[in-house]
Structures are given as structure tokens and as C-alpha cells.
Amino acid sequence: MTGDAATLGELFRRGRPADPHAVLLEAPGDSPLTYGEADAVSARFAHALRHLGVRPGDRVAVHLEKSPSFLLVYLACLRAGAALLPVNPAATDAEVGHVVADARPALLLHDPARRPPTGPVARTLDAAGDGAFAELAREHDGSFEDVPRAADDLAAVLYTSGTTGTPKGAMLTHRNLASNAATLTKAWGFRADDVLLHALPVFHTHGLFVATHCALTSGSRMVFLPRFDVDAVLAALPRCTVFMGVPTYYTRLLASPALDAATTGRVRLCTCGSAPLLEGTHAAFRERTGHAILERYGMTETSMITSNPLDGPRRPGTVGLPLPGVEVRVTDDGGDAAPTGTVGGVEVRGPNVFDGYWGQPRRPPALFTVDGFLRTGDLGCVEDDGYLRLVGRSKDLIISGGLNVYPIEVEAVLDALPGVQESAVVGVPDADLGERVVAVVAAEPGAGVDDDELRQAARRRLAGYKVPKAVHRVESLPRNAMGKVQKAQLRATYGTPRAPER
């Protein structure tokens, strides 16, 4: 057990193997990276951050593809006392510009192929570990005296649109992240001899914190794939003990005849999160491999909240029990505790819960109750045995392939296009993605609107996973008596589930 560590640096130091030659990660095409090498390179990176003017408390924006370099920059930020600001590598220039303008990072590290926005100091770094930043780092030695940090100091800022469509930076402290990392490492039984198959992106909580923190805290190793690829995952699984994924990963693995019990013979744990897992997928995976997927529940603002047990019933359709130290309750519209089995708003309190968004008031009343619970915006019920079952979201957030899509953001892009009078974007069931993004568009009178042109225009403004998979044209959008678009009706009309496209 790692003990109660106040900061991530302290937690990782306790978990570090005594042997510096122990492997931290293996990435395709690269030599294995040892814990000792990670220590030395992150020290050089920390020196480079300081040389470029980064001071404790500053934000460092990282707009890079997934690679060992990304993880090493994260470690360097922690050592230098800075806060990591990861940016989705699929984000458009406009999306990157908004994050940079809002968070005002002291430094932006970006791939040489991307044009940085104006404002912060910018340096290049690519997936191979080359670029102007790496060259600067090589001028420094491989030792660095870590900057002392406190539990309430900022460790990372992750941008999430919430339910308003306006991206906001969730401020995550060392206490938030270290408490959750220590809890998950124990709850999921991580040991130094584990091998984690890491196929998740690293610009959000699941891949960046949940996965890598469990490895760093336990001193285990990762097989670090640049992206999810069915063949690559199946090739790596036989030598791994833990696999973390989103529902889309599991549906795509099940589509391959190569997935069987022999392939997963060494695996002791498969987890799933970021989106609801269909009970049919859970059953099919168990039948094929013998593994019951462990579902859990979390948010950018809280990291993990609940988990099905490592030892005990893993109940399909539920997200398990509250993690140690985390309180979960379900309340009715009046804020009172909802009876067992009754659907209400899910609220959470604990050391993992953030205090607010960058540039906004701490613990705003719209988000937090008077007794300190965060209103998650999710709807659920607590069953008789304490398991939490999520039944929906109080807003219209779409989760497609494990990634959040906020309708208002997509609608704003569509509504600005020539010929579009108004649009409504909804998520509808999809056997592969969980939900797919669908747009319903009303054209201006006499205007000709081409569906493919709309999608292509949206693709120029939005990351690919936000672009509608289908566009349906209507004379007018359905509204209720109050003039609100009836999205439930649109989901019912256009939401017939379909099989994954091949």
C-alpha cells in the first residue's frame, strides 16, 4: 500500500521500483523506457520548463499526439511545480486558441506540424521526442530537485464543456488526483508485476490519470499503444494483466474472431468507463473470454467516483459502489434524499472532487450544495445493495466512443453555415460507439442544403468525433409549448440502433 500521500510527486516516489532498470513502458518502435530513464528525462524536461520561464503554479499546455514524450512532460510539470494543460490532439486551431486564451499558459508544447496560436511561448516536441524543446532539455543534466508542492496546489487543468457547450477548465489539485490514484491502486489490486495495456488517449482523465496513475503508483509497467487498434491490442493482450477501455473498444474486439479465452489468459482485470456499457456487450465478452468487465463511474471534475468490486459481484448495468472515502447520494428535485431504487440527481463529495473551473468562483452554488456535494448532472438510483445504476443525464451530453460531444457546440457551427435556419444535435444509440452524433437541420426558405457539404463544413471547424454521422432535414424542429426543441422526440425518431459500420 502506498499510504496517504498529499501530492502526486510523493505518491509516485513511494511507488517507484527500487531497481531503476525496471521498465515503466513499452511503446511500438521504441526501446523500453525504464523508471530510471523516465526520472532522468523528466528532470531534463523540468530544467527546460524552468529555462523557458515556467514558474510554480503556471500552466503548461501540451498539444501533442500520444507518446512517451507526453507522459514525460507531465512528470516534468509535476516536478517543476507547474500544472499540466492537455489539449486534444484532434482539436482544431480555433478550439486550441480558445483554451490558450482562457487558461493563459506560460508555455505551449506542440507538434511541429501544427501552427501554434499567438500568445504563449511555444516550442515544438514530437512523438519521437525530437524538437526545439527536446534540444533545449538535452543541454541540462538528468537530476532535478523537485519543487515542493502542497495538497491544494494545482496539478492539472482539463477542459470540459460541461452541459453549456462553453469549454471550461476543471482545476484538479494534487489532493484530488493523489487521493484517487491511491484509492484505485488498492481497489483494483495493482501490483509491481502487473502489465497494463494502455490504448486510451492521454488528453483526458481516463487515459491520463486513471490508467497511468495506477501504473506509477504501483511501480508496474505499461504497454503504451499510440491509439486503439484491434490487431495491436490483440497482439499485446497475451502478455498483459490489465486492460482499460471504453465500450467501443469492447464492441470492436468482439467483432474479431481472434478474441478468445487464450488471448486473455494472463489478464486478471478488464475495466470499462467513460460511457455506459450495454449489458449485451458485457455478457458477450464474458462468454467469449471468461472475464466479467469491471464497470466504474467518474467525471473529469472528480476522477473516479464508484466502481464494481475487484472481488465480488460485478453487476452489468451498474457502476458499482462508492469508492473508499467518497460519498455518493441521490436526491429528488427538492434536494432531499431519494428513496432506494428511486431515480434522482447523483451528487458526490470527497477528496477527489474539484473546487471549480479556471477563472470562475470557487465552489459555485449552481454546482455545489450547501453541505459540499457536487451536483454531477447525472441521473441514477441506488439499489438495495448499494450499487449505483445510472439511467441518463440531466442534460443532452452525448458520449460517442468514450468522448464527450456537447450538442450546443455542434449546433453553433451548423447554424452559422449558409442556408441553415436552425439545427438540433442529439445522440442516438449505436452498437459500436455507444452513441452517434446526429444533426436535424431546418433550411432557410428557398435554400438548398447538401448534407455532405454540411458535414464537410463542420469537419473544418470541429474535431472529427464531434461531426454528425448523419444529417436529417426537416421543415421545422419540433417544439413544446414553451418553445423548447423536443430533443426526446428527435432521439425517438432518428434513434433506431444499428450495427457497427465496417
Side-chain angles (χ1 to χ4, degrees), residues 1-2 11 15-17 22-27 32 35 180-200 206-207 209-225 228-254 256 258-274 277 279 281-298 303-304 306-316 318-321 323-324 387 402:
M1 174 59 184
T2 56
L11 189 69
R16 185 183 303 159
V23 174
L24 169 59
L25 64 81
E26 307 168 27
Y35 275 86
N180 211 239
T183 296
L184 291 177
T185 300
K186 183 177 181 180
W188 293 344
F190 265 82
R191 309 179 304 262
D193 60 351
D194 270 319
V195 181
L196 169 66
L197 179 47
H198 193 308
L200 295 158
H206 195 170
F209 299 144
V210 177
T212 62
H213 285 183
C214 283
L216 290 165
T217 302
S218 62
S220 55
R221 77 167 65 186
M222 295 179 280
V223 175
F224 208 67
L225 301 182
F228 176 80
D229 175 83
V230 170
D231 292 337
V233 168
L234 290 172
L237 269 176
R239 57 194 177 92
C240 296
T241 62
V242 180
F243 176 63
M244 295 185 184
V246 300
T248 301
Y249 292 5
Y250 289 102
T251 59
R252 292 182 180 177
L253 287 171
L254 285 166
S256 171
L259 178 71
D260 56 24
T263 305
T264 59
R266 195 181 171 208
V267 175
R268 68 170 183 84
L269 175 64
C270 294
T271 73
C272 186
S274 296
L277 180 71
E279 293 188 33
T281 303
H282 190 288
F285 193 82
R286 185 166 192 166
E287 181 179 359
R288 184 88 71 85
T289 67
H291 288 284
I293 298 170
L294 184 151
E295 294 179 74
R296 82 302 178 281
Y297 163 54
S303 292
M304 296 303 100
T306 67
S307 174
N308 273 267
L310 180 66
D311 300 311
R314 299 178 192 172
R315 190 156 304 150
T318 77
V319 291
L321 303 161
L323 287 164
Y387 281 64

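We're numbering straight along the sequence, starting at 1.
Judged by the 6.0 Å and 45° rule, R16 forms no cation-pi pair with Y35.
The line from OG1 of T289 to CG of D260 is 9.0 Å long, rounded to the nearest 0.5 Å. To the nearest 0.5 Å, atom OH of residue Y297 and atom OG1 of residue T306 are 7.5 Å apart. Here the straight-line distance linking atom CZ of F243 with atom SG of C270 works out to 7.0 Å at 0.5 Å rounding.
R286 contributes no side-chain N or O that, together with a main-chain N or O of A292, makes up a donor-acceptor pair within less than 3.5 Å. Of the possible donor and acceptor atoms, one in the side chain of T241 sits under 3.5 Å from a partner among the backbone N and O of V195. The closest donor-acceptor contact from the side chain of R252 to the backbone of V230 lies at 3.5 Å or more, if one exists at all. Checked by atom type and distance alone, the side chain of R221 never pairs as donor or acceptor with a backbone atom of A22 at under 3.5 Å. Between the side chain of H291 and the backbone N or O of T264 there is at least one donor-acceptor pair closer than 3.5 Å. Distance alone, capped at 3.5 Å, is enough to place a donor-acceptor pair between the H198 side chain and the G207 backbone. Panel note: side chain S256, backbone A258; a donor-acceptor pair is recorded below 3.5 Å. A donor-acceptor contact shorter than 3.5 Å is absent between the side chain of N180 and the backbone of S303. Without hydrogens or angle criteria, R296 side chain to V319 main chain gives no donor-acceptor distance under 3.5 Å. For T318 (side chain) and R315 (main-chain N/O), a donor-acceptor pair under 3.5 Å exists by modelled atom type.
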**Request:** Assess whether side chain to side chain contact (heavy atoms under 4.5 Å, CB included) is satisfied between Y249 and L254, documenting all intermediate values.
**Result:** CA-CA 9 Å; Y249 292 5; L254 285 166; over 6 Å; no
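For R268, the salt bridge (Lys or Arg N to Asp or Glu O under 4.0 Å) test picks out D194, with sequence neighbours left out.
Contact check for L184 versus T217: no side-chain heavy atoms found under the 4.5 Å cut-off. In this structure the side chain of L234 reaches within 4.5 angstrom of the side chain of L259, judged on heavy atoms. Using a 4.5 Å heavy-atom threshold, the side chains of T271 and L269 count as touching. Proximity of L294 to S307: side-chain heavy atoms (C-beta onward) are separated by under 4.5 Å at one or more points. Annotation: side chain of L197 is in contact with side chain of V233 (closest heavy-atom distance under 4.5 Å). The shortest distance between side-chain heavy atoms of L321 and Y387 falls below 4.5 Å. The closest side-chain heavy-atom distance from L277 to I293 is below 4.5 Å.
The aromatic rings of Y250 and F285 sit perpendicular, their planes meeting at an angle over 60°, well past the 30° parallel limit.
Within the structure, no pair that satisfies the salt bridge (Lys or Arg N to Asp or Glu O under 4.0 Å) test touches residues 211-220, not counting sequence neighbours.
Of the options T248, L200, L253, a side-chain contact (heavy atoms from CB on, under 4.5 Å) to F228 is made by L253 and by none of the others.
Using a 4.0 Å cut-off between charged nitrogen and carboxylate oxygen, R239 and E26 count as a salt-bridge pair.
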